[in-house]
2 protein chains.
Amino acid sequence: MKTNLRKYRFENGELSQQQLADMIGVSRQTIVSIEKNDYSPSVKLALILAKKFNITVEQLFELEEGDIDETR
Amino acid sequence: MKTNLRKYRFENGELSQQQLADMIGVSRQTIVSIEKNDYSPSVKLALILAKKFNITVEQLFELEEGDIDETR
DNA sequence: ACAAAATGTCAAATATATTTTACATAATGA
DNA sequence: TCATTATGTAAAATATATTTGACATTTTGT
(Lines give C-alpha, C1' and ligand atoms only; values in the text may rest on other atoms or scores of the structure.)
Protein backbone atom coordinates (compact mmCIF):
# COMPACT_ATOMS: atom_id res chain seq x y z
CA MET A 1 0.00 0.00 0.00
CA LYS A 2 1.20 3.51 -0.84
CA THR A 3 0.37 6.72 0.97
CA ASN A 4 -0.02 10.19 -0.49
CA LEU A 5 -0.53 11.90 2.83
CA ARG A 6 2.49 14.18 2.60
CA LYS A 7 1.48 15.26 -0.91
CA TYR A 8 -1.97 16.36 0.21
CA ARG A 9 -0.68 17.90 3.43
CA PHE A 10 1.55 20.18 1.37
CA GLU A 11 -1.24 20.92 -1.13
CA ASN A 12 -3.44 22.02 1.76
CA GLY A 13 -1.71 25.23 2.71
CA GLU A 14 1.53 23.52 3.54
CA LEU A 15 0.28 22.30 6.90
CA SER A 16 2.91 21.17 9.36
CA GLN A 17 2.68 17.68 10.72
CA GLN A 18 1.72 19.07 14.11
CA GLN A 19 -0.99 21.33 12.63
CA LEU A 20 -2.56 18.42 10.78
CA ALA A 21 -2.30 16.25 13.88
CA ASP A 22 -4.05 18.93 15.92
CA MET A 23 -6.74 19.40 13.27
CA ILE A 24 -7.80 15.78 13.33
CA GLY A 25 -6.95 14.97 16.93
CA VAL A 26 -4.07 12.54 16.65
CA SER A 27 -0.45 12.66 17.73
CA ARG A 28 2.20 14.12 15.44
CA GLN A 29 3.98 10.79 15.61
CA THR A 30 0.94 9.19 14.02
CA ILE A 31 1.17 11.55 11.06
CA VAL A 32 4.90 10.85 10.82
CA SER A 33 4.31 7.11 10.84
CA ILE A 34 1.57 7.27 8.23
CA GLU A 35 3.68 9.43 5.94
CA LYS A 36 6.53 6.95 6.33
CA ASN A 37 4.09 4.14 5.57
CA ASP A 38 5.09 2.45 8.81
CA TYR A 39 1.65 0.95 9.14
CA SER A 40 -1.84 0.99 7.74
CA PRO A 41 -4.01 3.37 9.75
CA SER A 42 -7.59 2.72 10.73
CA VAL A 43 -10.17 3.32 8.03
CA LYS A 44 -11.86 5.80 10.35
CA LEU A 45 -8.75 7.91 10.45
CA ALA A 46 -8.37 7.56 6.70
CA LEU A 47 -11.92 8.77 6.12
CA ILE A 48 -11.33 11.78 8.37
CA LEU A 49 -8.12 12.67 6.57
CA ALA A 50 -9.72 12.27 3.15
CA LYS A 51 -12.67 14.41 4.21
CA LYS A 52 -10.31 17.09 5.50
CA PHE A 53 -8.55 17.25 2.15
CA ASN A 54 -11.77 16.89 0.12
CA ILE A 55 -10.52 13.76 -1.60
CA THR A 56 -11.40 10.05 -1.49
CA VAL A 57 -9.63 7.46 0.59
CA GLU A 58 -8.56 5.85 -2.69
CA GLN A 59 -6.67 9.04 -3.58
CA LEU A 60 -4.99 9.13 -0.20
CA PHE A 61 -3.97 5.48 -0.05
CA GLU A 62 -3.28 3.21 -3.02
CA LEU A 63 -3.21 -0.55 -3.07
CA GLU A 64 -0.12 -2.06 -4.66
CA GLU A 65 0.85 -5.32 -6.31
CA GLY A 66 0.96 -7.99 -3.67
CA ASP A 67 -1.43 -6.24 -1.31
CA ILE A 68 -4.34 -8.45 -2.30
CA ASP A 69 -2.45 -11.65 -1.61
CA GLU A 70 -1.10 -10.66 1.76
CA THR A 71 -4.24 -8.75 2.63
CA ARG A 72 -3.95 -6.22 5.40
CA MET B 1 -18.62 5.33 11.99
CA LYS B 2 -21.13 3.12 10.22
CA THR B 3 -20.42 0.02 8.16
CA ASN B 4 -22.30 -1.25 5.11
CA LEU B 5 -20.30 -4.42 4.77
CA ARG B 6 -23.21 -6.81 5.22
CA LYS B 7 -25.26 -4.91 2.66
CA TYR B 8 -22.58 -5.25 0.00
CA ARG B 9 -21.79 -8.83 0.95
CA PHE B 10 -25.41 -9.77 0.27
CA GLU B 11 -25.50 -7.74 -2.92
CA ASN B 12 -22.46 -9.63 -4.16
CA GLY B 13 -24.00 -13.01 -4.79
CA GLU B 14 -25.01 -13.47 -1.19
CA LEU B 15 -21.51 -14.42 -0.12
CA SER B 16 -21.24 -16.13 3.24
CA GLN B 17 -19.03 -14.54 5.83
CA GLN B 18 -16.56 -17.40 5.44
CA GLN B 19 -16.50 -17.08 1.63
CA LEU B 20 -15.75 -13.39 1.84
CA ALA B 21 -13.13 -14.01 4.51
CA ASP B 22 -11.47 -16.60 2.26
CA MET B 23 -11.62 -14.30 -0.76
CA ILE B 24 -9.68 -11.52 0.93
CA GLY B 25 -7.58 -13.62 3.25
CA VAL B 26 -8.85 -12.72 6.69
CA SER B 27 -10.56 -14.72 9.41
CA ARG B 28 -14.33 -15.07 9.45
CA GLN B 29 -14.29 -13.52 12.90
CA THR B 30 -12.83 -10.39 11.37
CA ILE B 31 -15.74 -10.13 8.95
CA VAL B 32 -18.14 -10.72 11.84
CA SER B 33 -16.51 -8.01 13.92
CA ILE B 34 -16.50 -5.50 11.08
CA GLU B 35 -20.16 -6.15 10.30
CA LYS B 36 -20.96 -5.66 13.98
CA ASN B 37 -18.91 -2.45 13.91
CA ASP B 38 -16.85 -3.77 16.82
CA TYR B 39 -13.86 -1.83 15.61
CA SER B 40 -12.50 0.21 12.76
CA PRO B 41 -10.52 -2.02 10.38
CA SER B 42 -7.27 -1.04 8.73
CA VAL B 43 -7.57 1.16 5.67
CA LYS B 44 -5.73 -1.47 3.68
CA LEU B 45 -8.42 -4.01 4.45
CA ALA B 46 -11.08 -1.42 3.66
CA LEU B 47 -9.51 -0.70 0.28
CA ILE B 48 -9.39 -4.41 -0.56
CA LEU B 49 -13.02 -4.90 0.43
CA ALA B 50 -14.12 -1.85 -1.55
CA LYS B 51 -12.17 -3.03 -4.58
CA LYS B 52 -13.75 -6.47 -4.31
CA PHE B 53 -17.21 -4.95 -4.36
CA ASN B 54 -16.36 -2.32 -6.98
CA ILE B 55 -17.30 0.53 -4.68
CA THR B 56 -15.42 3.24 -2.79
CA VAL B 57 -14.33 3.06 0.81
CA GLU B 58 -16.71 5.96 1.46
CA GLN B 59 -19.62 3.75 0.33
CA LEU B 60 -18.48 0.93 2.55
CA PHE B 61 -17.86 2.97 5.70
CA GLU B 62 -19.56 6.22 6.64
CA LEU B 63 -18.38 8.79 9.15
CA GLU B 64 -21.00 9.84 11.67
CA GLU B 65 -21.65 12.83 13.88
CA GLY B 66 -19.08 12.86 16.60
CA ASP B 67 -16.49 10.92 14.66
CA ILE B 68 -14.53 14.03 13.79
CA ASP B 69 -14.28 15.14 17.38
CA GLU B 70 -13.22 11.83 18.80
CA THR B 71 -11.17 10.97 15.75
CA ARG B 72 -10.43 7.30 15.34
C1' DA C 1 24.02 34.36 13.39
C1' DC C 2 20.62 32.53 16.08
C1' DA C 3 16.15 31.15 17.92
C1' DA C 4 12.10 28.90 16.84
C1' DA C 5 9.71 25.75 14.19
C1' DA C 6 9.62 21.58 11.53
C1' DT C 7 11.03 17.17 10.78
C1' DG C 8 13.50 12.88 11.78
C1' DT C 9 14.33 9.01 14.72
C1' DC C 10 13.87 5.83 18.49
C1' DA C 11 11.56 3.03 21.80
C1' DA C 12 8.60 1.80 25.46
C1' DA C 13 3.83 2.05 26.92
C1' DT C 14 -0.79 1.76 25.76
C1' DA C 15 -4.79 0.94 22.91
C1' DT C 16 -6.88 -1.35 19.29
C1' DA C 17 -7.24 -4.80 15.42
C1' DT C 18 -7.09 -9.48 14.25
C1' DT C 19 -6.65 -14.39 14.91
C1' DT C 20 -7.60 -18.63 17.03
C1' DT C 21 -10.55 -21.63 19.33
C1' DA C 22 -14.84 -23.27 20.65
C1' DC C 23 -19.46 -23.63 21.55
C1' DA C 24 -24.47 -22.18 20.67
C1' DT C 25 -28.17 -21.06 17.76
C1' DA C 26 -30.43 -20.27 13.43
C1' DA C 27 -31.04 -21.09 8.60
C1' DT C 28 -30.92 -23.94 4.58
C1' DG C 29 -31.51 -27.80 1.58
C1' DA C 30 -32.54 -32.52 0.61
C1' DT D 1 -36.79 -34.57 9.76
C1' DC D 2 -32.12 -34.16 9.89
C1' DA D 3 -27.50 -33.08 8.44
C1' DT D 4 -25.00 -29.37 6.88
C1' DT D 5 -24.08 -24.70 6.53
C1' DA D 6 -24.29 -20.04 8.23
C1' DT D 7 -24.25 -16.98 11.81
C1' DG D 8 -23.77 -15.46 16.64
C1' DT D 9 -21.05 -15.06 20.69
C1' DA D 10 -17.19 -15.14 23.79
C1' DA D 11 -12.53 -14.77 25.19
C1' DA D 12 -7.70 -15.37 25.29
C1' DA D 13 -3.63 -14.90 22.44
C1' DT D 14 -1.29 -12.43 19.10
C1' DA D 15 -0.33 -8.69 15.96
C1' DT D 16 -0.61 -4.07 14.85
C1' DA D 17 -1.88 0.93 15.52
C1' DT D 18 -1.18 4.81 18.26
C1' DT D 19 0.58 7.55 21.97
C1' DT D 20 4.02 9.36 24.83
C1' DG D 21 8.40 11.06 25.69
C1' DA D 22 12.76 12.48 24.28
C1' DC D 23 16.56 13.71 21.74
C1' DA D 24 18.83 14.92 17.09
C1' DT D 25 18.95 17.27 12.84
C1' DT D 26 17.19 20.33 9.42
C1' DT D 27 14.67 24.22 7.92
C1' DT D 28 12.85 28.69 8.34
C1' DG D 29 12.53 33.45 9.40
C1' DT D 30 14.31 37.56 11.37
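These figures come from a predicted structure and were not determined experimentally. A note on names: the letters A, B, ... follow the listed sequences, proteins ahead of strands, and every chain is numbered from 1.
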Quick one: does Asn37(A)'s side chain have a donor or acceptor within less than 3.5 Å of a partner on Met1(A)'s backbone? yes
Output yes when at least one side-chain N/O atom of Thr30(B) is less than 4.0 Å from OP1 or OP2 of dT18(C), else no. no
Rounding to a whole Å, what distance do you find between Ile48(B):CD1 and dT18(C):P? 11 Å
Rounded distance (Å) that lies between atom P of dA15(C) and atom CG of Asp38(B): 19 Å
Polar side-chain atom of Thr30(B) near backbone of Val26(B) as donor-acceptor pair, under 3.5 Å: no
Side chain of Val26(B) - closest among dT19(C), dT9(C), dT9(D): dT19(C)
Under 4.0 Å between a side-chain N/O of Arg9(A) and OP1 or OP2 of dA6(C), yes or no? no
Name each donor-acceptor pair under 3.5 Å that joins a side chain in residues 46-56 of chain B to protein atoms two or more places apart or in another chain, with its distance.
unit_1	atom_1	unit_2	atom_2	d
Thr56(B)	OG1	Gln59(B)	N	3.2
Thr56(B)	OG1	Gln59(B)	OE1	3.4

For Ile31(A) and dT20(D), give me the distance from atom CD1 to atom C1', rounded to whole Å. 15 Å
Kindly point out which of dT19(C), dT18(C), dT18(D) is positioned nearest to the side chain of Ser27(B)? dT19(C)
Please round to the nearest 0.5 Å and tell me the distance separating atom CD of Glu35(B) and atom CZ of Arg9(B). 4.0 Å
Tell me which residues in residues 13-23 of chain B lie within less than 4.0 Å of DNA chain D, going by non-hydrogen atoms. Ser16(B), Gln17(B)
Between dA17(C), dT7(D), dT9(D), which nucleotide has the shortest distance from any of its atoms to the side chain of Tyr39(B)? dA17(C)
OP1 or OP2 of dG8(D) under 4.0 Å from side-chain N/O of Arg6(B): yes
Between atom CG in Leu45(B) and atom P in dA17(C), what is the gap in whole Å? 12 Å
Contact nearer the 5' end of DNA chain D, comparing Ser33(A) with Arg28(B): Arg28(B)
Separation of atom CD1 in Ile34(B) from atom P in dT7(D), rounded to whole Å: 15 Å
Should Val43(B) and Val57(B) count as side-chain neighbours, where that means a heavy-atom distance under 4.5 Å? no
Side-chain contact test, heavy atoms from C-beta onward, threshold under 4.5 Å: evaluate it for Glu58(B) versus Glu58(A) and give yes or no. yes
side-chain contact (heavy atoms from CB on, under 4.5 Å) between Leu60(A) and Tyr8(A): does it pass, once the steps are laid out? CA-CA 8 Å; Leu60(A) 194 49; Tyr8(A) 287 107; 3.9 Å; yes
Of Glu35(A) and Gln29(B), the one whose nearest nucleotide on DNA chain C sits closer to the 5' end is Glu35(A)
